[in-house]
There are 2 protein chains.
Amino acid sequence: MSKSLLELTPVQAVACCSPVTREPLSADAAERIAPLVKAIADPVRLRLLSLVASHADGEACVCDLNDAFELSQPTISHHLKLLHDAGLLDRDKRGVWVYYRVNATALGDLATLLGGVTA
Amino acid sequence: MSKSLLELTPVQAVACCSPVTREPLSADAAERIAPLVKAIADPVRLRLLSLVASHADGEACVCDLNDAFELSQPTISHHLKLLHDAGLLDRDKRGVWVYYRVNATALGDLATLLGGVTA
DNA sequence: CGTCGATATTGACAGATCTCGATGTTTGGG
DNA sequence: CCCAAACATCGAGATCTGTCAATATCGACG
């Protein structure tokens, strides 16, 4: 992997912030938050997230996910990587198969950040 | 405006849906939700939203917003249009000035949709 | 070992997005 | 009227993104 181990995933960089509606976001904070939002700003990734989240046992095998779309395997792999890099999906390789599961904390933080209402 | 009056803004098309984590999102629903998320998937637009939301009286004049960025006036105008088209910002023209205010319901719906946790 | 099946990575291309300068539109004032 | 100021729209250029085919990697199993 080309990414430094010292780097934070977008979601880690965001967990600290108060809701967007409370006080003006600094340019710096906005630059850190945007990638996280971008990660879910795509119909395929929204469905992937949703599929994994609502799957039995809370996890889904890539093979299942591939079958749910009329897209090539590399394309699904690409989207999963983006979600994983953002910290929204955790990955678990067991044998030849790879299972993804939602990082609920990450999603929750993001929702709180946006909502402001949701305490 | 080139947009039909019968069309829904992204946020209107989304308000009906249950959280992403509850059940698999249909391809159709995902296509409707994604534009709304895209609308806030940019650092400038996140800051604009935040600036408007946290502004005194809950509204901000474009002139104030322009001054908060080192970007050209057309660029800010472009981003405000995207947020407005998504249904996240309401617009109110008074004389020569234009005031934007956050559509709290829209933001709340979006947060709920993502969080699932937040009831 | 050699092969096969499951994922990931790479390289390339089309289309979307962000930004700007130039220009248009609307409103209030002189 | 005509101008100036506030904001929007247009057109263009550079960069980013989604997708695929081809290929690499990695683990299981004869």
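Throughout, protein chains are lettered first and strands after them, A, B, ... in sequence-line order, and every chain is numbered starting at 1.
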Under 3.5 Å donor-acceptor, A:Ser54 side chain and A:Ser50 backbone: yes
Atom-pair distance (CG on B:Asn66; P on D:dC7), nearest Å: 7 Å
Check: B:Arg45 side chain, B:Lys38 main-chain N or O, donor-acceptor pair, under 3.5 Å: yes
A:Thr75 side-chain N/O to D:dT19 phosphate OP1/OP2 under 4.0 Å: no
Length of the line joining B:Leu82:CG and D:dT9:P, which is rounded to integer Å: 11 Å
Within one Ile-Leu-Val-Met-Phe-Trp-Tyr cluster: A:Leu82 and A:Leu89, side-chain cutoff 4.5 Å: no
Between D:dG27 (P) and A:Asp92 (CG): distance, integer Å: 14 Å
Sugar-phosphate, base or nothing in reach of B:Tyr100, heavy atoms under 4.0 Å: sugar-phosphate
Nearest-angstrom distance from the residue atom CH2 of B:Trp97 to P of D:dA4: 17 Å
Sugar-phosphate, base or nothing in reach of A:Arg45, heavy atoms under 4.0 Å: sugar-phosphate
same_hphob_cluster(B:Tyr99, B:Val102) at 4.5 Å side-chain heavy-atom cutoff: no
Sugar-phosphate only, base, or nothing, as touched by B:Asp42 at under 4.0 Å among non-hydrogen atoms: sugar-phosphate
B:Asp57 (side chain) donor-acceptor with B:Glu59 (main chain) under 3.5 angstrom: no
Sugar-phosphate, base or nothing in reach of B:His79, heavy atoms under 4.0 Å: sugar-phosphate
Separation of C:dT7 C1' from A:Leu83 CG (nearest whole Å): 16 Å
Whole-Å distance separating the OH atom of A:Tyr99 from the P atom of C:dA8: 13 Å
Nearest-nucleotide 5' precedence on DNA chain C, A:Val96 against A:Lys81: A:Val96
Minimum-distance nucleotide (side-chain atoms of A:Arg91 versus C:dA6, C:dA8, D:dG18): C:dA8
Toward the 5' end of DNA chain D, by each residue's nearest nucleotide, A:Ile76 or A:Lys93: A:Ile76
Residue B:Val98, side-chain atoms from C-beta onward, closest of C:dT17, D:dA8, C:dT9: D:dA8
Length of the CG-P vector between A:Leu80 and C:dA8, whole Å: 7 Å
Atom-to-atom span, CG of B:Leu89 to P of D:dC7 - whole angstrom: 14 Å
Quiz item: A:Gln73 side-chain donor-acceptor pair to C:dA6 base, under 3.5 Å: no
